Amino acid sequence: MRPANLTRVSDFLLLGFSEEPELQPLIFGLFLSMYLVTVLGNLLIILATISDARLHTPMYFFISHLSFIDICFTSTTVPKMLVNLRTESKTITYEGCLTQMYFFVLFGVLDIFLLALMSYDRFVAICHPLHYMVIMNPQLCALLVLVCWVISELNSLLQCLMVLHLTFCPEIPIPHFFCDLNQLVQLACSDNFIPTLVLYLLSALLAGGPLAGILYSYSKIIASIRRISSAQGKYKAFSTCASHLSVVSLFFCTALGVYMSSALPHNSHTSSIVSVMYTVVTPMLNPFIYSLRNRDIKGALRRLFAMMVLKRPFVLGLKLCS
């Protein structure tokens, strides 16, 4: 028989970063600024790739999807944290926690899959340049993204169903600023052996598989670049991968740091701080990494801003005439 104190809880407590009241406004302002920069920067990348016909290629198709996923990924955690900081509350409902966890896992796995697809795109572009447009046709690109969505949805649904079968002690504190799946499974008061096993198996499969694909793609890319005779040709080939390689390194290194630190005792505060890197900082930096090192996107952004400036006087003139 299940003990009486293992009933379904109605709320969780998100401990966040600091309990000192004087630091709350500073943390609120910092995360609000980072969130606004993330949303604005990624929206500009999406608008630039949609509005400019020169960017209607497989690489920018994946970049625009990555920007959309980054916005959604950050939006699953930061707004709730900002509300809690503003209201000086640390609670999140059971349903809200599961919803947040579902979308966090969904967009986190999609982020990994998109990075793997982009590495495959670079592999085809550098190792098979003559067949690039035939292999990376629009139908295949759309199909690959669709498959990533389906797999991510099924994984996220399975993880949520596992958590639904766990029981938690009343007023359980989560030593994090969001409902992290790993934390929830470890804090369950009921037997969590099977959910923990499934969690690690799926994490190894859904993160290790794409990472292996990325490493394989870049091993072939490096081998292909080394066969290029001219230094200028080598630089041009590598420059097309530099932005993606920077994003991959930043995402996987910070994510790996989080899960390595979570395995150590008395490290919940450190784990929360490191989590900020791949949940907030990396999505914020991605637009800068892709735009600062990419002439096509910088040109598209300049044309987008020029078009917006030209349209504004025209709209104002129509309003005056009416």
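Note: hydrogens, waters and symmetry copies are ignored here, and every other heavy atom, side chains too, is used. Here the structure is a predicted model, which means the values were calculated and not measured.
- When atom types are taken as modelled, the side chain of S156 and the backbone of E153 share no donor-acceptor pair closer than 3.5 angstrom.
- The closest side-chain heavy-atom distance from Y120 to L117 is not below 4.5 Å.
- Proximity of a side-chain donor or acceptor of Q100 to a complementary backbone N or O of T76 within less than 3.5 Å is detected.
- The closest side-chain heavy-atom distance from L206 to F113 is below 4.5 Å.
- For Y218 and F123, the ring centers sit 6.0 Å or farther from each other.
- The closest donor-acceptor contact from the side chain of N192 to the backbone of P195 lies at 3.5 Å or more, if one exists at all.
- For Y290 and H244, the distance between ring centers is not under 6.0 angstrom.
- Note that CE of M34 is 10.0 Å distant from CG of L285, once rounded to the nearest 0.5 Å.
- Judged by distance alone, the side chains of Y132 and D121 do bring a donor and an acceptor atom under 3.5 Å apart.
- Counting heavy atoms from C-beta on, the side chains of L66 and D70 come closer than 4.5 Å.
- Remark: T38 OG1 to F288 CZ distance equals 8.5 Å, nearest 0.5 Å.
- F73 pairs in a ring pair (Phe, Tyr, Trp, His ring centres under 6.0 Å) with only one of the listed residues (F178, F104, F107), which is F104.
- To the nearest 0.5 Å, the span separating CD on Q159 from CG on L154 amounts to 11.5 Å.
- Once rounded to the nearest 0.5 Å, the distance linking CD1 of I69 with CD1 of I112 reads 11.0 Å.
- A distance of 9.5 Å separates CD1 in I45 from CG in N286, rounded to the nearest 0.5 Å.
- For F61 and H65, the distance between ring centers is under 6.0 angstrom.
- Note that the CG atom of L245 and the CZ atom of F238 stand 5.5 Å from one another [nearest 0.5 Å].
- Using a distance-only test at 3.5 Å, with no hydrogens or angles considered, no donor-acceptor pair links the side chain of T49 to the main chain of L55.
- Proximity of a side-chain donor or acceptor of N42 to a complementary backbone N or O of P283 within less than 3.5 Å is detected.
- Counting heavy atoms from C-beta on, the side chains of V276 and F177 come closer than 4.5 Å.
- With hydrogens and angles ignored, the 3.5 Å screen pairs a side-chain donor or acceptor of S119 with a backbone N or O of A116.
- When side chains are defined from C-beta on, C179 counts as touching I92, because their heavy atoms get closer than 4.5 Å.
- For the pair I225 and Y235, the minimum side-chain heavy-atom distance is 4.5 Å or more.
- The shortest side-chain heavy-atom distance between I174 and C97 falls under the 4.5 Å cut-off.
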